[in-house]
Amino acid sequence: MLLRASSQLDQKDYDLQSVTDAHTDPGVAHGEHLRALTEATIRGDWLNLGPIRRRAEAAMGERCAVDALVVAAAFNGITRVADATGVPLDDNTAATTVSMRAETGIDDFAYAAKSARYDESA
Amino acid sequence: MYPATLPLSDRLTSAHAETWQLIAQPGDFFTGDQRQRMVRAAREALTCHHCEQSKAALSPNALAGKHEDSTELDEVIVDVVHRVRTDPGRLTRAWFDQVRRYLSAQEYVEIVSVVASSVIVDTLHNALGLGVPAMAPPEPGRPGRHYNQDAVDAGGWVPMLDASQDMADTGLPTVPNIARSLGLVPSATALFFGTFRPHYALKDIPLSISQAQAEFVASRVSAINECFY
């Protein structure tokens, strides 16, 4: 949802499909390095993160690569707060992202959809 | 907690040091010792066989069995900690309702805050190749039992902070729902967002990467963790 807002503020087109599709180029600078850093961090792939980080630092600089990890770590925490409290989307976000959520598959993560999927298959 | 050679802001390193201190202190519903045991349980969850099997199952609620745990916390608390740590994207309302038979909403909120805060600190440490930080001895004292009696039902699983829905220029309310989500226990909000804030801002992000790059990283994390918000 936030990448969409950034796109509007920057007046640039970022490919929102890249949020849920690991093979789509997001259109942001150093997107592939950012993606690799994020995937290894969130999946706890510490063995591969070292070389991934070194490649990212060579391309982006150490500070940028570390800052990508700073953001990834933060969202690894806040997604847990959101999921554990079932927090609803803010009204404006809910109203303005209907088609985007459907197109990118984010609706599959909705709490009601999850409950239907996981509680009924238990 | 971090070597001075790393390009991290003083604000962030100070915040993490404070997070560790706060977790060691009594909260409002758990002692410092219990809060530190939650951090230990969250770490143990990453190698818990039951969590691994549950994550592979079609439904996380389909599997009987017990978590691998050495913390001696109540098993309901251990289940909350392990699930929030290892499979947050498949938490469901039915599971939460079961948990609520044994834990108050206030207790639940404090557990979520402690675990999520420690996840931020541990994730950054691991990502930087530092290993997880040691914990200082817990501080004695009893929980304060303070909570926000004016928290409201705003459609989430727990009562949230009652806040204005005035819009900011970010396209979100000045107090977005996520910032309200732990509002039932103000100390839980302070702990988590004190940890989180130096990492991110909705605009004019104080980092060397652009706002769009930060949003891409954030969005990918949300997708990997199957987070709707």
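Chain identifiers are assigned alphabetically (A, B, ...) following the order of the sequence lines, protein sequences preceding nucleic acid strands; residue numbering begins at 1 within each chain.
With A:Asp67 contributing its side chain and B:Ser208 its backbone, the two residues share a donor-acceptor pair below 3.5 Å.
B:Arg93 CZ: more than 12 foreign heavy atoms inside a 6.0 Å radius. Summarising the local packing, CD of B:Glu18 is surrounded by 12 or fewer heavy atoms from other residues, nucleotides or ligands at distances under 6.0 Å. The number of heavy-atom neighbours closer than 6.0 Å to CG of B:Asp10, taken from other residues, nucleotides and ligands shown, is 12 or below.
The NE2 atom of B:His125 sits 12.0 Å away from the CH2 atom of A:Trp46 when rounded to the nearest 0.5 Å. Note: A:Asp91 CG to B:Leu172 CG = 11.0 Å, rounded to the nearest 0.5 Å. The distance from the SG atom of B:Cys227 to the CZ atom of A:Phe75 is 9.5 Å, given to the nearest 0.5 Å. A distance of 14.5 Å separates OH of A:Tyr118 from CH2 of B:Trp95, quoted to the nearest 0.5 Å.
The contact between A:Ile42 and chain B is made entirely by side chain atoms (from C-beta outward), counting heavy-atom distances below 4.5 Å. Within the 4.5 angstrom heavy-atom criterion, only side-chain atoms of B:Leu182, from C-beta onward, approach chain A. There is no contact between B:Ala105 and chain A, counting heavy-atom distances below 4.5 Å. Only the side chain of B:Leu8 comes within contact range of chain A, with at least one heavy atom under 4.5 Å from a heavy atom of that chain. Contacts between A:Leu69 and chain B at a heavy-atom distance below 4.5 Å involve backbone atoms as well as side-chain atoms. In this structure, chain B has a heavy atom under 4.5 Å from the side chain of A:Arg53, while its backbone stays farther away. With a 4.5 angstrom heavy-atom cutoff, B:Arg180 does not touch chain A via any of its atoms. Within the 4.5 angstrom heavy-atom criterion, only side-chain atoms of B:Leu12, from C-beta onward, approach chain A. Proximity to chain A (any heavy atom under 4.5 Å) is shown, for B:Pro176, by both the backbone and the side chain.
For chain A, the option among B:Arg85, B:Met167, B:Gln165 with the highest count of heavy-atom pairs below 4.5 Å is B:Arg85. Most heavy-atom pairs under 4.5 Å with chain A, from the set B:Ser117, B:Ser118, B:Ala57, B:Pro173: that is B:Pro173. Ranked by non-hydrogen atom pairs under 4.5 Å with chain A, the options B:Asp122, B:Val119, B:Ile111 are led by B:Val119. Options A:Val71, A:Asn92, A:Asp90, A:Thr79 differ in how many heavy-atom pairs under 4.5 Å they form with chain B, and the most are formed by A:Asp90. Chain B forms more heavy-atom pairs under 4.5 Å with one residue of A:Val66, A:Asp45, A:Val87, A:Leu49 than with any other, namely A:Val87. With respect to chain A, the highest number of heavy-atom pairs below 4.5 Å among B:Val99, B:Val121, B:Asn126 belongs to B:Asn126.
The heavy-atom pair separating B:Val112 from A:Ala84 by the smallest distance is CG2-CB, 3.7 Å. Between B:Val221 and A:Thr38, the closest heavy-atom pair is CG2-CG2, 3.5 Å. Scanning both residues, B:Gln213 and A:Ala29, for their nearest heavy atoms gives NE2-O, 2.7 Å. B:Val84 approaches A:Arg80 most closely through the heavy-atom pair O-NE, 2.8 Å.
Contact of the A:Arg35 side chain with the B:Phe216 side chain is registered, since non-hydrogen atoms from C-beta on lie closer than 4.5 Å. You'll find the side chain of A:Ile78 reaches within 4.5 Å of the side chain of B:Ile178, heavy atoms only. At least one side-chain heavy atom of A:Thr41 sits less than 4.5 Å from a side-chain heavy atom of B:Thr123. Under the 4.5 Å side-chain criterion, counting only non-hydrogen atoms from C-beta, B:Met160 is in contact with A:Pro88. Using a 4.5 Å cut-off on side-chain heavy atoms (C-beta onward), A:Val81 and B:Phe192 make contact.
Neither side chain, A:Asp83 nor B:Tyr229, offers a donor N or O lying under 3.5 Å from an acceptor on the other.
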Between A:Met60 and B:Ile209, does a side chain to side chain contact (heavy atoms under 4.5 Å, CB included) hold up when you go through it step by step?
CA-CA 9 Å; A:Met60 311 166 64; B:Ile209 56 175; 4.3 Å; yes
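Applying the side chain to side chain donor-acceptor pair (under 3.5 Å) test to residues at least two apart or on different chains, the pairs with a partner in residues 152-164 of chain B are B:Ser164-B:Asp166.
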